[in-house]
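Right, one structure below, let's go through it.
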Amino acid sequence: MGDRVRPDPESYAQFFAALDAAIERRVNEREAEAAGLEVLAAAVEAAAAILKAERERAA
């Protein structure tokens, strides 16, 4: 087989630091999206409760 060129340890460290930062950013983005969906779900539940109360009051 051919000779393989291996990056120096500093390159590995930089790569994994960048990878870790990218993963952390994605995790934070997903957590923010999940929080937004929870707020939306709470708003929908509140609206449904208001509509239900109005319907019951009208009946």
Side-chain angles (χ1 to χ4, degrees):
M1 295 264 166
D3 291 331
R4 292 185 65 178
V5 176
R6 293 185 140 286
D8 63 287
E10 179 66 23
S11 295
Y12 276 116
Q14 290 174 352
F15 170 78
F16 286 113
L19 180 61
D20 186 53
I23 291 169
E24 188 66 28
R25 270 194 312 274
R26 294 290 294 208
V27 167
N28 290 336
E29 289 170 359
R30 297 303 153 252
E31 287 174 349
E33 289 173 0
L37 289 173
E38 289 175 6
V39 169
L40 178 60
V44 169
E45 288 175 0
I50 291 169
L51 290 173
K52 181 180 178 185
E54 288 178 358
R55 212 177 298 140
E56 289 173 353
R57 189 179 48 213

**Report entry** Atom pair CZ (Arg30) and CG (Leu37), whose distance is rounded to the nearest 0.5 Å
**Finding:** 11.0 Å
**Report entry** Point-to-point distance, once rounded to the nearest 0.5 Å, from NZ of Lys52 to CZ of Arg55
**Finding:** 9.0 Å
Query raised in the report: Are the side chains of Arg26 and Ile23 in touch, meaning some heavy atoms are under 4.5 Å apart?
Result: no
Query raised in the report: Got a sec, which residues hit side-chain contact (heavy atoms from CB on, under 4.5 Å) with Arg6, two or more places apart in sequence or on another chain?
Result: Tyr12
Report task. Give, for atom CZ of Arg25 and atom CG of Asp20, the distance between the pair rounded to the nearest 0.5 Å. Result -> 10.0 Å
Report summary line: dist Glu45:CD -> Leu40:CG (nearest 0.5 Å) comes out at 10.0 Å
